[in-house]
Each structure stands twice: as structure tokens, then as C-alpha cells.
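As C-alpha cells, the structure follows; a few thoughts come after it.
Not measured: the values here are computed from a predicted model.
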Amino acid sequence: MDERGSLVENTLLSVMSTSEHFFISKSKPGVVRGNHYHKHKMEWFYIIQGTCKLVVKDIISEKIEELIIKDSDNILVNTVPNHAHAFQNVGENEMILLALVNEPLDQKNPDTYFYKLL
């Protein structure tokens, strides 16, 4: 970051070589997204704008991890199969999230299973 702003660049070959789909979500303050897990899909998340509460639970071991992620943290978070995840906008303004996914969305078989975390 400098006087012009910031630049975030992905240099992780493991992310770029397996990403086949992406989406961007915009969430108003207080909104929760996710509350699900995937059996084979992997996702990488980046908070472009705002502050996010992320809860991830391994549905096999039941281990839970909770993070507060700000856009200024510039981190990429990975969720793997059988890890339920939920995002909540805990900031005062709109939150924008970028997701990179290892497979295209198949509307007939979305590999998304409800799991309430938030």
C-alpha cells in the first residue's frame, strides 16, 4: 500500500491452476452468507471491501475456527471439502467478497449442503 492505494496479486500457483469459476458477493451490514459445506468443491475467499466474521467448522472432527477479516488484512482464506463455512458482514458498510472456486457451478448438482453456523 502506498499513496495511490493498494494492489493485491495472487502468486499462488495452487489457486490459479485449479480455479475454474469465480463469484463476487456484496452484503449489507449484518447479512450472513454461506452456512453450508461442499463434498468436493474448494473455495478461496478474499475480502475486497469491509469487515467479515468467518466461521469454519470441520464437520468430521467438529473443530471450529472463527476469524474477523478486514479488507486491509489482504489475506486469501481457503475452505476445503467437508468444512462448513459462513460469512457475516460485521462492518458498518457494504462488504464485497471475491471467491475463486476449483470447479464451475453445476446448477443440477451444486455440491452445496446446508449447515447452520451463524
Side-chain angles (χ1 to χ4, degrees):
M1 181 168 215
D2 60 25
E3 65 280 351
R4 300 171 294 170
S6 64
L7 171 70
V8 176
E9 182 174 21
N10 174 53
T11 58
L12 299 172
L13 184 57
S14 61
V15 176
M16 295 314 297
S17 65
T18 59
S19 295
E20 295 186 20
H21 175 77
F22 79 92
F23 65 86
I24 296 172
S25 70
K26 296 181 178 183
S27 300
K28 296 178 181 179
V31 167
V32 174
R33 292 187 182 265
N35 276 327
H36 63 250
Y37 69 96
H38 308 288
K39 292 183 180 178
H40 50 84
K41 190 178 291 184
M42 292 190 305
E43 298 173 304
W44 295 266
F45 299 102
Y46 182 81
I47 303 302
I48 294 172
Q49 176 182 294
T51 303
C52 172
K53 177 179 180 178
L54 168 63
V55 178
V56 177
K57 181 177 181 181
D58 181 328
I59 64 170
I60 297 169
S61 72
E62 298 193 1
K63 180 182 176 188
I64 297 175
E65 186 175 0
E66 187 173 307
L67 301 167
I68 300 295
I69 305 169
K70 297 179 182 178
D71 51 16
S72 60
D73 293 335
N74 290 325
I75 62 170
L76 191 63
V77 178
N78 179 229
T79 60
V80 295
N82 298 312
H83 282 69
H85 46 281
F87 301 87
Q88 181 176 25
N89 180 353
V90 294
E92 296 180 9
N93 300 307
E94 181 177 64
M95 179 183 79
I96 302 174
L97 175 144
L98 167 66
L100 302 168
V101 189
N102 70 323
E103 61 185 40
L105 177 63
D106 179 353
Q107 293 288 352
K108 295 178 184 173
N109 183 19
D111 186 38
T112 301
Y113 305 90
F114 178 77
Y115 196 99
K116 178 83 171 172
L117 292 169
L118 290 173

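With sequence neighbours excluded, the residues satisfying side-chain hydrogen bond (donor to acceptor under 3.5 Å, both in side chains) with Glu43 are His38, His85. For Tyr113, the ring-ring contact (aromatic ring centres under 6.0 Å, His included) partners two or more places apart in sequence, or in a different chain, are Tyr37.
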Does the pair Tyr46 and Asn74 meet the rule for a side-chain contact (heavy atoms from CB on, under 4.5 Å), with working shown? CA-CA 7 Å; Tyr46 182 81; Asn74 290 325; 2.6 Å; yes
May I have the step-by-step check of side-chain contact (heavy atoms from CB on, under 4.5 Å) for Lys41 and Leu105, ending in yes or no? CA-CA 10 Å; Lys41 190 178 291 184; Leu105 177 63; 4.0 Å; yes
Before giving the answer on side-chain contact (heavy atoms from CB on, under 4.5 Å), spell out for Met95 and Ile47 the whole-Å C-alpha distance, their side-chain angles and the decisive distance to 0.1 Å. CA-CA 7 Å; Met95 179 183 79; Ile47 303 302; 4.3 Å; yes
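Of all heavy-atom pairs between Gly91 and Pro29, the closest is O-CB, 3.4 Å.
Side-chain N or O atoms of Arg33 include one that pairs as donor or acceptor with a backbone N or O of Lys26 at under 3.5 Å. A side-chain donor-acceptor contact under 3.5 Å links Asn102 to the backbone of Met42. Side-chain atoms of Gln49 come within 3.5 Å of backbone atoms of Glu94 as a donor-acceptor pair (strictly under, hydrogens ignored). Between the Asp111 side chain and the Lys39 main chain, a donor and an acceptor come within less than 3.5 Å of each other.
Cluster membership for Leu97 and Val56, using ILVMFWY side-chain heavy atoms within less than 4.5 angstrom, is shared. In the hydrophobic cluster analysis, where Ile, Leu, Val, Met, Phe, Trp and Tyr join through side-chain heavy atoms closer than 4.5 angstrom, Phe87 is grouped apart from Ile68. Under the 4.5 Å side-chain heavy-atom criterion for Ile, Leu, Val, Met, Phe, Trp and Tyr, Val55 and Val32 are members of the same hydrophobic cluster. Val80 and Ile64 sit in two unconnected hydrophobic clusters of ILVMFWY residues. Membership requires side-chain heavy atoms under 4.5 Å apart, directly or through other members. Note on Phe22: it clusters hydrophobically with Ile48, by side-chain heavy-atom contacts below 4.5 Å among ILVMFWY residues.
The shortest distance between side-chain heavy atoms of Ile24 and Ile96 falls below 4.5 Å. Looking only at side-chain heavy atoms (C-beta outward), Ile75 and Ile69 come within less than 4.5 Å of each other. In this structure, the side chains of Glu103 and His21 stay at 4.5 Å or more apart for every pair of heavy atoms. No side-chain heavy atom of Trp44 sits less than 4.5 Å from a side-chain heavy atom of Leu98.
Atoms CG and CG, on Leu118 and Leu54 in that order, are 8.5 Å from each other to the nearest 0.5 Å. Here the NE2 atom belonging to His36 is positioned 13.5 Å from the OH atom belonging to Tyr115, to the nearest 0.5 angstrom. Note: Asn109 CG to His40 NE2 = 5.5 Å, rounded to the nearest 0.5 Å. Remark: Lys57 NZ to Lys116 NZ distance equals 13.5 Å, nearest 0.5 Å.
Remark: Asn93 CG is loosely packed, at most 12 non-hydrogen atoms of other residues, nucleotides or ligands lying under 6.0 Å away.
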